[in-house]
Amino acid sequence: MATKQTNVKPTADEAVAQLKEALAGAGIVLPSLDRDFASPYLNLVELGRVRADVAMRLAEVVRRGSTL
């Protein structure tokens with residue numbers, strides 16, 4: 001299923017909120033997930049560091065979702 005692309009760029013805050021919600025739905029929490037305060041003009045999201053088991057769970061969810 002294709003998704004519609006738009007020219008509207010999300011803010012880092014919006015992206016963080018959406019990602020936190022999606023990850024929570026999969027039972028995943030990235031404790032350091034936040035916008036990058038060091039370079040606000042770049043609109044970056046800081047994913048932070050996670051334990052190896054959380055990274056493995058995230059990889060599993062991404063793989064499963066990529067086959068939709």
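Only heavy atoms go into these numbers, but all of them, side chains included; no hydrogens, no water, no symmetry mates.
- Legend: residues meeting salt bridge (Lys or Arg N to Asp or Glu O under 4.0 Å) with Arg51, ordered by chain and number and at least two apart, are Asp53.
- With sequence neighbours left out, Glu14 forms a side chain to side chain contact (heavy atoms under 4.5 Å, CB included) with Pro10, Thr11.
- Among residues at least two apart or in separate chains, there is no side chain to side chain donor-acceptor pair (under 3.5 Å) pair with a member in residues 21-34.
- Of all non-hydrogen atoms in Val45 and Ala15, the two that sit nearest each other are CG2-CB, 3.9 Å.
- Val61 and Met56 end up in different hydrophobic clusters when Ile, Leu, Val, Met, Phe, Trp and Tyr side chains are linked at under 4.5 Å.
- Looking at heavy atoms from C-beta onward, Leu23 lies in side-chain contact with Leu58 at the 4.5 angstrom threshold.
- Of all heavy-atom pairs spanning Val50 and Pro31, the tightest one is CG1-CD, 4.4 Å.
- Here Asp13 pairs with Arg35 under the salt bridge (Lys or Arg N to Asp or Glu O under 4.0 Å) rule; sequence neighbours left out.
- Connection of Phe37 to Leu42 is not established within any shared hydrophobic cluster, with ILVMFWY side chains joined at heavy-atom distances below 4.5 Å, either directly or through further cluster members.
- Under the side chain to side chain contact (heavy atoms under 4.5 Å, CB included) criterion, Asp36 pairs with Ala38, Ser39, Leu44, sequence neighbours left out.
- Summarising the geometry of Val54 relative to Val29, their closest heavy-atom pair is CG1-O, 4.0 Å, with the distance given to 0.1 Å.
- Residues passing the side chain to side chain contact (heavy atoms under 4.5 Å, CB included) test with Glu60 are Arg57, Arg64, sequence neighbours excluded.
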